[in-house]
Amino acid sequence: MDYAADAHRTDLMTITRYVLNEQSKHPDSRGDFSILLNHIVLGCKFVCSAVNKAGLAKLIGLAGETMFRQVFHWSRNPLLYAYLSCDVAKKLDVLSNEVFINALVSSGRTCILVSEEDEEATFVEPEKRGKYCVVFDPLDGSSNIDCGVSIGTIFGIYMVKHGHEPTLDDVLQPGKNMLVLSTGSGVNGFTLDPSLGEFILTHPDIKIPKKGKIYSVNEGNAKNWDGPTAKYVEKCKFPEDGSSPKSLRYIGSMVADVHRTLLYGGIFLYPADKKSQWETAALDLAPEKIHQRSPIFLGSYDDVEEIKALYAAEKQSA
């Protein structure tokens with residue numbers, strides 16, 4: 001990419017411009033999805049701004065009264081930080097959640113909202129309802145905020161069935177039913193330019209490599225893995241065909257790990273364990289509750305097929 005040339009471009013493709021251009025190719029489109037997407041983009045911009053100034057605005061920390069960080073002044077140790085773990089929402093989590101809920105409701109295009117931060121689903125008031133359900137994690141990887149690791153928003157959009165009152169069944173659908181934004185020209189990546197306050201097209205027509213050199217998994221949970229996952233990771237480290245081993249890259253923030261996997265290839269693993277068993281393709285899985293956990297493997301075609309083969313072999317031998 002010619003960064004010097006890009007710096008002087010005046011025909012930048014923003015995400016809003018891109019969506020509107022694609023919408024114009026479909027005369028029957030009413031623009032509902034474009035409006036919804038613009039409100040999600042607005043939420044992303046707001047959260048990005050809040051994250052960038054979190055330290056100055058004292059947004060890092062807990063929303064509750066419990067304190068993670070205690071400072072002790074000892075004569076022999078002037079400053080000792082003791083970090084205590086507790087499952088309490090951080091301030092940025094709460095702020096991000098409120099921002100996205102308000103943005104989605106105000107769009108007038110949603111009817112059910114499911115947030116990772118809320119135990120129950122939010123049903124939009126009838127007079128403000130639209131035809132879409134949105135599921136989202138407003139700030140994935142928020143436990144890494146204090147150390148400056150990449151964080152981000154994950155969302156999915158479903159369309160409700162016509163002619164009935166919205167229910168949780170409209171949300172509890174297989175991923176293959178999800179509304180995927182595709183206009184027939186591949187996958188495109190947009191990056192927020194803080195100087196313009198706009199998402200700019202920076203990665204047109206992304207194509208993940210057919211096979212990668214990286215695997216990404218939390219090996220701290222290795223004792224809970226099933227057989228196929230353990231075998232696959234072992235092959236990544238010690239290839240049986242004499243090839244070079246794969247490199248381990250694990251950030252612990254899914255948005256960052258998946259972003260790298262899309263650009264560089266390889267495989268991201270959130271393996272099955274004793275709490276969540278892997279039985280079917282992720283997109284075919286129909287959840288039974290809104291916060292149900294499930295394993296997932298995603299990445300380069302050859303890498304995913306390799307681990308699928310291990311599961312198929314185990315199933316045949318059972």
Are [X] and [Y] linked, directly or through other ILVMFWY residues, by side chains that come within less than 4.5 angstrom of each other?
X: Phe33; Y: Leu42; value: no
X: Ile206; Y: Tyr264; value: yes
X: Leu36; Y: Val160; value: no
X: Phe46; Y: Val134; value: yes

What heavy-atom pair brings [X] and [Y] nearest, and what distance separates the two atoms?
X: Val124; Y: Ile112; value: CG2-N, 4.4 Å
X: Ala103; Y: His39; value: O-CD2, 3.1 Å
X: Ser107; Y: Ile35; value: O-CG2, 3.9 Å
X: Asp140; Y: Met254; value: OD2-N, 3.1 Å
X: Gly152; Y: Val255; value: N-CG2, 3.4 Å
X: Ala121; Y: Leu168; value: CB-CD2, 3.6 Å

request  = Dump the intermediate steps for side chain to side chain contact (heavy atoms under 4.5 Å, CB included) on Val105 and Leu113, then the final yes or no.
outcome  = CA-CA 9 Å; Val105 171; Leu113 308 177; 3.7 Å; yes
Might you confirm whether atom [atom1] of [X] has over 12 heavy atoms from other residues, nucleotides or ligands at distances under 6.0 Å?
X: Lys213; atom1: NZ; value: no
X: Glu305; atom1: CD; value: yes
X: Tyr250; atom1: OH; value: yes

Inter-residue atom distance [X].[atom1] - [Y].[atom2], 0.5 Å rounding:
X: Cys236; Y: Leu248; atom1: SG; atom2: CG; value: 9.5 Å
X: Phe268; Y: Ser216; atom1: CZ; atom2: OG; value: 5.5 Å
X: Ile267; Y: Leu269; atom1: CD1; atom2: CG; value: 4.5 Å
X: Glu117; Y: Ser96; atom1: CD; atom2: OG; value: 8.0 Å
X: Ser253; Y: Arg260; atom1: OG; atom2: CZ; value: 10.5 Å
X: Ser243; Y: Lys211; atom1: OG; atom2: NZ; value: 7.0 Å

Assess whether a salt bridge exists between [X] and [Y], defined as any Lys/Arg side-chain N lying under 4.0 Å from an Asp/Glu carboxylate O.
X: Lys231; Y: Glu314; value: no
X: Glu234; Y: Lys237; value: no
X: Arg17; Y: Glu198; value: no
X: Arg249; Y: Asp257; value: no
X: Asp205; Y: Lys207; value: yes

Student check: side-chain heavy atoms of [X] and [Y] closer than 4.5 Å:
X: Tyr132; Y: Tyr158; value: no
X: Asn97; Y: Asp118; value: yes
X: Ile15; Y: Leu201; value: no
X: Val19; Y: Asn38; value: no
X: Val47; Y: Leu92; value: no
X: Leu298; Y: Val304; value: no
X: Leu12; Y: Leu196; value: yes
X: Leu192; Y: Lys45; value: yes

Working for side-chain hydrogen bond (donor to acceptor under 3.5 Å, both in side chains), residues Ser300 and Asp302 = CA-CA 6 Å; Ser300 296; Asp302 286 351; over 6 Å; no
query = Who passes ring pair (Phe, Tyr, Trp, His ring centres under 6.0 Å) against Phe190, sequence neighbours left out?
reply =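 With sequence neighbours excluded, Phe190 shows a ring pair (Phe, Tyr, Trp, His ring centres under 6.0 Å) to Tyr18, given in chain and number order.
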inquiry  = If we count only N and O atoms by modelled type, under 3.5 Å, do the side chains of Arg129 and Thr110 hold a donor and an acceptor together?
reply    =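 Looking only at side-chain atoms, Thr110 and Arg129 do not form any donor-acceptor pair under 3.5 Å.
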inquiry  = Regarding Asn21 and Ser24, do their side chains bring together a donor and an acceptor under 3.5 Å, going by distance alone?
reply    =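 Side-chain D/A pair, Asn21 to Ser24: absent.
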ask   = Could you go step by step and tell me if Asp226 and Tyr311 meet the side-chain hydrogen bond (donor to acceptor under 3.5 Å, both in side chains) rule?
value = CA-CA 10 Å; Asp226 55 22; Tyr311 274 97; 2.8 Å; yes
request  = Evaluate the side chain to side chain contact (heavy atoms under 4.5 Å, CB included) criterion for residues Phe100 and Cys44: first the C-alpha distance (whole Å), next the side-chain angles of each, then the deciding distance (0.1 Å), finally the verdict.
outcome  = CA-CA 8 Å; Phe100 272 97; Cys44 291; 3.9 Å; yes
message = Using salt bridge (Lys or Arg N to Asp or Glu O under 4.0 Å), reason through Lys246 and Asp303 one step at a time and then give a plain yes or no.
response = CA-CA 11 Å; Lys246 291 183 182 293; Asp303 295 320; 3.0 Å; yes
query = Judged by atom type as modelled, is there a donor-acceptor pair below 3.5 Å linking the side chain of Asn102 to the main-chain atoms of Glu98?
reply =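 Such a contact is found between Asn102 side chain and Glu98 backbone.
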message = Between Phe155 and Ile40, is the side chain to side chain contact (heavy atoms under 4.5 Å, CB included) condition met? List the steps.
response = CA-CA 9 Å; Phe155 66 90; Ile40 292 175; 3.8 Å; yes
request  = Mind running side chain to side chain contact (heavy atoms under 4.5 Å, CB included) on Val233 and Glu219 for me, showing each step along the way?
outcome  = CA-CA 9 Å; Val233 173; Glu219 294 210 50; 4.0 Å; yes
